[in-house]
Chemist: 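The structure under discussion is supplied below as structure tokens; questions concerning it will follow.
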Amino acid sequence: MIQALVFLPLIAAIIAGLGGRWIGKIAAKSITTGALFASCALAWPIFISFLNGTASSHVAHVLNFIHSGALNVDWALRVDALTAVMLVVVTTVSALVHLYSWGYMAEDESQPRFFAYLSLFTFAMLMLVTADSLVQMFFGWEGVGLASYLLIGFWYHKPSAGAAAIKAFIVNRVGDFGFSLGIFGCFLVFGTVSIPKILEMTPGMAGATIGFLGMRVDVITLLCILLFIGACGKSAQLGLHTWLPDAMEGPTPVSALIHAATMVTAGVFMVCRLSPLFAASPTASSVVTYVGAATAFFAATVGTTQTDIKRVIAYSTCSQLGYMFFAAGVGAYNAAMFHLFTHAFFKALLFLGAGAVIHAMHHEQDMRFYGGLRKKIPFTFAAMIAGTLAITGVGIAGLFGFAGFYSKDAIIEATYASNLPAGGFAFVVSVVAALLTSFYSWRLIFLTFFGKARWSGSEHIQHAAHGHDAHGNDDHHHPTPYADMHDDGTAGYLPHEAPFSMLIPLLVLTMGAVFSGFIFTGNFIDPEAGSRFWQGSIAFNAGLMDAREHVPWLVSKSATIVMLIGLFTAWWAYIRKPDVPAKFTAQFSMLYQFLLNKWYFDELYDLIFVRPAMWIGRLLWHRGDEKTIDRFGPNGVAEIVGMGSRLAVRFQSGYLATYALVMLLGLCAAVSWFVFGGAK
Amino acid sequence: MSYLDSLALTAPELILSLGATFLMLVAAWGGDKATRTISWGAVALFAAAGASLAGPAGHGGSAFFGLYTADAFGAFAKSLIYLAAAICVIIAPRWFEVNERNRAEYPVLILLAATGMGMMVSATDLLTLYVGLELNSLASYVLASMAQKDGRAAEAGLKYFVLGALASGILLYGISLLYGFTGSTHYVDIAHEMGGSAGMGALFGMVFVLAGLSFKVSAVPFHMWTPDVYEGAPTPVTCLFASAPKVAAMALLVRVSMVALGPATHQWQQIIAFAALASIILGAAGAIGQTNIKRLLAYSSINNVGFMLIGLAAGTREGVAAVLFYLTVYVVTVLGSFLAVLQLRDRQGKPVEAIAALAGLSQSRKGLAAALAVFMFSLAGIPPLFGFWPKLLVFQAAIDAHLLPLAIIGFVASVIGAFYYIKIVKIMYFDDAADMISPDNGLVERWTMALAAMLLVVGYVLIPWLGAASAQATGALF
Amino acid sequence: MIALAAFYLFASVMIAAAAFTILSRNPVHSVLWLILAFFNAAGLMVLAGAEFVAMLLVIVYVGAVAVLFLFVVMMLNIDLAEVRSGFTRYGLFGAAIAAVLATEVVVADEAWHSGALMLGARQAVTPDNMPNIQALGALLYTRYLYVFEGAGLVLLVAMIGAIVLTHRERSGVRPQKIGDQVKRRPSEAVRIVSDQPVGAGVEL
């Protein structure tokens with residue numbers, strides 16, 4: 001059952017990837033999409049059985065993998081409540097994204113490749129979430145990294161896509177280095193890489209120290225921080241976040257699946273999977289809290305200034321991941337997972353909605369060239385509104401709320417209730433970030449769907465309106481309804497609603513964004529129902545969940561209050577007085593530039609890491625490799641061999657006397673060796 | 001021990017020599033028209049000689065006052081020799097029909113040469129060694145120049161003869177020195193004396209004997225004749241030179257080194273190790289510039305002999321077993337390669353020997369190109385193929401005998417060797433078609449070649465069996 | 001004393017003759033020098049008590065082999081200039097190698113005690129009173145039978161080889177067909193024409 005769930009996408013990926021050329025586009029797409037829907041259909045009953053409490057965690061052995069000394073690793077699929085949540089998230093979003101891609105990628109030439117990559121990614125992600133050992137988790141971890149690399153660079157003929165893919169890969173390598181050190185450390189300390197065994201032995205290791213970089217450090221803290229570095233890389237936390245916005249170079253369905261709903265949450269999943277380990281180290285938990293909070297704040301500030309619709313959502317993702325991390329940091333692992341769960345739905349919805357907008361606007365991604373779209377594409381507008389209501393956390397306690405209302409409020413309250421120094425910091429940051437979230441989310445909606453049409457200035461639209469001479473990947477052939485120029489800001493271009501294959505996923509995800517919080521809040525968050533649901537698959541802190549329900553009134557309503565403030569500010573700035581933003585940016589140009597340039601992280605990294613690395617690389621390349629290793633190594637040896645060959649051939653003169661002479665010389669040398677040499 | 005018992009132990013040589021004289025009579029009356037009949041008769045004799053190894057001739061022990069020993073080691077080498085020689089008899093008529101005329105003496109000479117080889121591998125006395133070696137050599141000189149229309153063949157025969165005579169002289173001088181300083185020509189007695197108080201004189205004799213034998217295995221620096229003779233001799237004869245006498249000479253060298261010169265292992269080890277490395281490196285380097293495939297295979301055989309000598313240089317039981325293992329795989333590979341070369345013919349049916357003519361062979365003759373590629377990869381020692389294992393074994397033996405530098409240099413040099421083997425594959429598969437090779441309908445050649453290629457591909461299933469056989473054969477020497 | 005003097009005489013003359021065999025420019029002279037070397041070798045054999053071998057040397061080598069060489073050398077037209085050019089090209093080097101080898105043999109003998117010659121410990125001992133030729137025969141046909149037969153095979157190969165390499169079928173020659181000649185009957189060869197009239201001519 002679980003084997004079929006995990007391996008169906010792999011089989012589909014192999015068929016579509018290797019056989020796509022023979023079976024054709026339609027078959028490749030059908031097989032992959034069908035496999036994913038089948039996986040999804042298998043995943044939901046598992047999740048529901050855990051909700052009912054009728055299932056318990058178990059491990060399905062698949063194959064032997066490594067047995068060497070004390071190192072024993074097998075391919076095994078672990079199913080428990082935590083995995084079940086992830087299974088549902090991954091398969092559902094993936095299946096919907098597959099379906100969505102039928103419409104979005106309809107005119108691309110290498111669709112089988114695209115669908116194969118998507119399915120391959122899904123397989124790797126499923127391996128990751130079902131991992132019973134750190135090694136298998138690492139396999140999945142690298143597998144999703146690979147798929148992410150391939151998909152970001154899917155339009156490899158665009159230099160920016162190639163660069164973004166490489167950037168994602170290299171930045172993730174930094175995180176993976178930490179992760180692999182963490183795995184090695186676990187094997188060193190615990191003598192095993194099996195996750196259940198490690199968690200079992202964790203209490204016994206409390207307080208033990210280990211030598212690292214010449215210092216004595218706490219074992220658990222060290223391991224947690226190393227593993228957390230891995231999580232930071234994959235989940236784009238502050239410091240290793242720079243790849244995520246650039247990853248938006250990939251096709252939008254990819255952004256929705258990989259860079260919003262699933263892969264980037266792998267870090268959060270890993271922390272939750274190892275939650276007993278993290279819970280055993282307050283220091284490491286504080287680090288997780290601070291980093292998460294800083295990311296949430298940083299990404300939210302940057303999100304307010306971006307003009308590219310996908311980048312706004314990307315920074316929003318980064319910020320929400322920060323939420324999940326500091327929730328985990330204060331011990332509310334279930335809240336983190338709940339937010340992961342709801343976030344998957346509404347963020348995928350927002351991305352796919354943005355994709356529909358981009359599709360409608362002929363691959364124009366700059367929000368400054370949107371405006372007034374709510375009447376042109378009403379269905380997409382409705383879906384985006386639902387997503388925005390969910391992410392900003394709209395709802396009335398006790399009655400009904402959108403998905404984010406439950407999960408985000410739970411996190412904010414848990415940070416307050418944790419009574420930790422880091423928790424206090426996180427609480428303040430989370431409230432501020434919620435304000436900013438509300439602001440940039442509504443800014444996106446207002447800029448895109450309200451006001452007047454502004455797309456006459458867009459190059460993409462002008463292309464669309466004046467024929468399709470010079471098109472790259474984005475060949476959408478629209479009829480040109482009005483050839484003459486209009487002065488209403490439309491340039492004669494009429495945006496159109498997306499096809500059904502794209503609207504159905506939007507509809508399903510809208511359901512998720514609206515109801516997923518309301519339906520599942522009890523199982524995820526409630527002190528009693530939660531502990532029944534999680535069954536010990538994460539460190540479930542019932543006391544904290546209980547305390548969360550008794551925080552002061554102002555605290556529990558803070559999220560709603562700042563949400564309203566953000567909404568009002570955005571409305572005021574972009575609807576009521578559209579000239580305010582310009583004035584504001586002029587007034588505070590320093591701050592604006594700082595935010596617009598993403599706190600200058602890329603420039604800083606370029607200066608500190610990239611340039612010196614390139615310099616060293618060039619040095620080693622020219623001086624080290626070409627002029628030393630190649631010269632004395634392969635090239636030199638080849639030269640010597642060539643010389644030796646010529647020499648050997650010259651001796652082979654064909655003259656008998658020469659041959660006899662060589663023989664006698666050899667004999668003479670052998671005898672001399674015996675007489676004068678040391679052959680005694 | 002009566003003479004009759006002794007004769008029973010030398011059954012293979014008896015069968016071959018008596019059969020050869022009989023077939024000579026058939027040839028005298030039947031003339032060249034009877035060549036095919038005589039050939040199959042010779043093959044039957046080889047089969048009979050091989051079968052006789054199952055009897056006392058395979059393990060009977062010492063005969064003729066210690067001049068001759070019938071043991072498992074000899075039987076192992078002889079079965080290889082007879083197999084190779086029989087194949088060289090079978091493949092000859094078609095070649096001679098096209099290029100020359102059939103010679104009824106050809107199978108007879110090969111029978112007599114094989115008799116000499118049998119004497120060589122079973123010799124436990126320097127006299128037997130020398131007579132056997134001369135019998136084999138003399139027949140080889142004649143065989144090398146059997147193609148009367150080709151000037152190169154006469155040149156090859158003459159060169160082989162003169163240099164062979166020089167080597168014989170060196171060998172004979174060494175034998176007389178050994179006899180003089182140890183008082184015996186018998187291996188065991190020589191070993192006894194060498195282990196005791198043998199001085200420099202006996203060591204001198206040893207050096208000369210080893211030098212003379214190195215000529216037969218064509219180890220550097222006594223290899224100079226090899227490329228010229230291989231190129232000039234008729235291809236079936238070259239095939240013989242590269243296979244059967246190599247086995248005989250190598251087995252002979254092993255037996256002399258281990259049994260007669262065993263106590264001086266430390267001394268000859270250095271000579272053999274040097275010859276091994278020089279052969280590997282020169283064989284590899286020399287092959288690179290070659291344009292004639294027979295010449296290339298000559299360098300390849302020098303190269304392979306070097307690897308075998310590494311196993312001998314180890315001077316251990318494992319090393320000798322590795323040599324036997326190597327010999328077996330080498331014989332299969334080299335026979336297959338020459339069978340492939342035999343099938344290279346142009347439109348007029350004339351043999352093609354230029355490497356450049358192989359270009360694009362993968363399109364015109366898929367099976368032949370695939371088989372040749374298998375042989376080349378096997379010679380290069382690419383792992384799944386059989387050629388990899390004996391190389392591994394000799395290196396292992398050298399390392400176990402604390403000859404690490406030898407193993408490392410040999411290992412590195414094998415990379416150079418891989419270059420020209422794989423170059424052939426590259427020419428066949430990636431170069432533009434020269435379209436010079438036309439289809440050939442030699443069924444026997446084709447199927448024997450296919451069998452050899454199959455053996456190399458799936459040979460690893462034979463490893464336990466061959467390993468056990470070579471270990472058992474080696475056991476007879478220790 | 002006389003034996004010792006004779007040994008040194010024979011030995012030194014033999015070495016000198018061998019050297020002149022190689023050094024002589026004229027191949028006929030070389031063969032003559034070779035014959036001298038054989039004679040001296042025979043003398044040495046006589047001194048060592050191997051009379052049969054001495055006789056064999058004189059009869060077989062001097063009488064047959066050397067004379068054969070002489071014929072061959074005289075019949076072949078050898079270009080002396082070419083031989084000399086080869087000599088100057090490799091002679092010096094060859095001489096150097098020979099000198100080194102000779103020195104090493106001597107040096108090794110002197111400095112390292114090459115070990116005693118073990119002629120007394122020979123393997124195949126014959127009764128003391130047995131004549132030389134008889135002893136040789138006894139050994140060859142008993143103890144060394146196998147090798148002796150092997151040597152016979154070597155000679156067989158040499159014979160076959162000589163024929164194979166030199167015998168060719170030539171076209172355009174009319175060899176004798178002895179069988180046909182013997183089978184020939186008068187009826188095929190002769191016709192009686194005696195009862196023909198005179199003056200009618202002859203039928204050819």
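Note on naming: letters A, B, ... go to the chains in the order of the sequence lines (proteins, then strands), and numbering restarts at 1 for each one.
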Chemist: If you count heavy-atom pairs within less than 4.5 Å of chain C, which of B:Ser145, B:Ala123, B:Gly157, B:Ala20 leads?
Modeler: B:Ser145

Chemist: So with a 6.0 Å cut-off around CG of B:Leu25, is the heavy-atom count from everything else above 12?
Modeler: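 Check passes, neighbour count above 12.
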
Chemist: Does CD belonging to C:Gln176 count more than 12 external heavy atoms closer than 6.0 Å?
Modeler: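 Atom CD in C:Gln176 is not packed in, count stays at 12 or less.
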
Chemist: Quick check on the interface: out of B:Thr21, B:Thr128, B:Leu67, who has the most heavy-atom pairs with chain C under 4.5 Å?
Modeler: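 Top count of heavy-atom pairs under 4.5 Å with chain C: B:Leu67.
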
Chemist: Can you tell me how far CG of B:Asp125 sits from OH of C:Tyr144, rounded to the nearest 0.5 angstrom?
Modeler: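 So the gap between those two atoms works out to 6.0 Å.
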
Chemist: Quick check: under 4.5 Å, non-hydrogen atoms only, which of residues 151-163 of chain C neighbour chain B?
Modeler: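 From residues 151-163 of chain C, the residues near chain B are C:Ala151, C:Leu153, C:Val154, C:Leu156, C:Val157, C:Ala158, C:Ile160, C:Gly161.
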
Chemist: So do C:Thr142 and B:Tyr3 actually touch side chain to side chain, heavy atoms under 4.5 Å?
Modeler: yes

Chemist: Contact part of B:Ser137 toward chain C, heavy-atom cut-off under 4.5 Å: side chain, backbone, both or neither?
Modeler: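 The answer is neither part of B:Ser137.
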
Chemist: Give a yes or no on this: more than 12 heavy atoms of other residues, nucleotides or ligands lie within 6.0 Å of atom CZ of B:Phe22.
Modeler: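 No - once you tally the heavy atoms of other residues, nucleotides and ligands closer than 6.0 Å, there are 12 at most.
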
Chemist: Write down the atom of B:Gln148, the atom of C:Leu165, and the distance for their closest heavy-atom approach.
Modeler: NE2-O, 3.6 Å

Chemist: Parallel under 30°, tilted from 30 to 60°, perpendicular over 60°: which one fits the rings of B:Tyr68 and C:Tyr146?
Modeler: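 B:Tyr68 and C:Tyr146: perpendicular rings.
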
Chemist: Under a 4.5 Å cutoff for heavy-atom pairs, which residue among B:Leu143, B:Leu7, B:Leu138 has the most contacts with chain C?
Modeler: B:Leu138

Chemist: Take a 6.0 Å sphere around CG of B:Leu18 and say whether it holds more than 12 heavy atoms from other residues, nucleotides or ligands.
Modeler: yes

Chemist: Using residues 38-57 of chain C as the side-chain source, report each donor-acceptor pair under 3.5 Å to any protein atom, sequence neighbours left out, with the distance given to one decimal.
Modeler:
{"from": "C:Asn40", "atom 1": "ND2", "to": "C:Leu36", "atom 2": "O", "distance (Å)": "2.8"}
{"from": "C:Glu51", "atom 1": "OE1", "to": "C:Asn132", "atom 2": "ND2", "distance (Å)": "2.7"}

Chemist: Please set out all donor-acceptor pairs under 3.5 angstrom arising from side-chain atoms of residues 167-178 of chain B, sequence neighbours excluded.
Modeler:
{"from": "B:Ser168", "atom 1": "OG", "to": "B:Glu134", "atom 2": "OE2", "distance (Å)": "2.3"}
{"from": "B:Ser168", "atom 1": "OG", "to": "B:Gly164", "atom 2": "O", "distance (Å)": "3.4"}
{"from": "B:Ser176", "atom 1": "OG", "to": "B:Leu172", "atom 2": "O", "distance (Å)": "3.2"}
{"from": "B:Ser176", "atom 1": "OG", "to": "B:Tyr173", "atom 2": "O", "distance (Å)": "2.8"}

Chemist: Donor-acceptor pairs under 3.5 Å, side chain of residues 104-121 of chain B to any protein atom, not counting sequence neighbours: which ones?
Modeler:
{"from": "B:Tyr106", "atom 1": "OH", "to": "B:Cys88", "atom 2": "O", "distance (Å)": "3.1"}
{"from": "B:Thr115", "atom 1": "OG1", "to": "B:Leu111", "atom 2": "O", "distance (Å)": "2.8"}

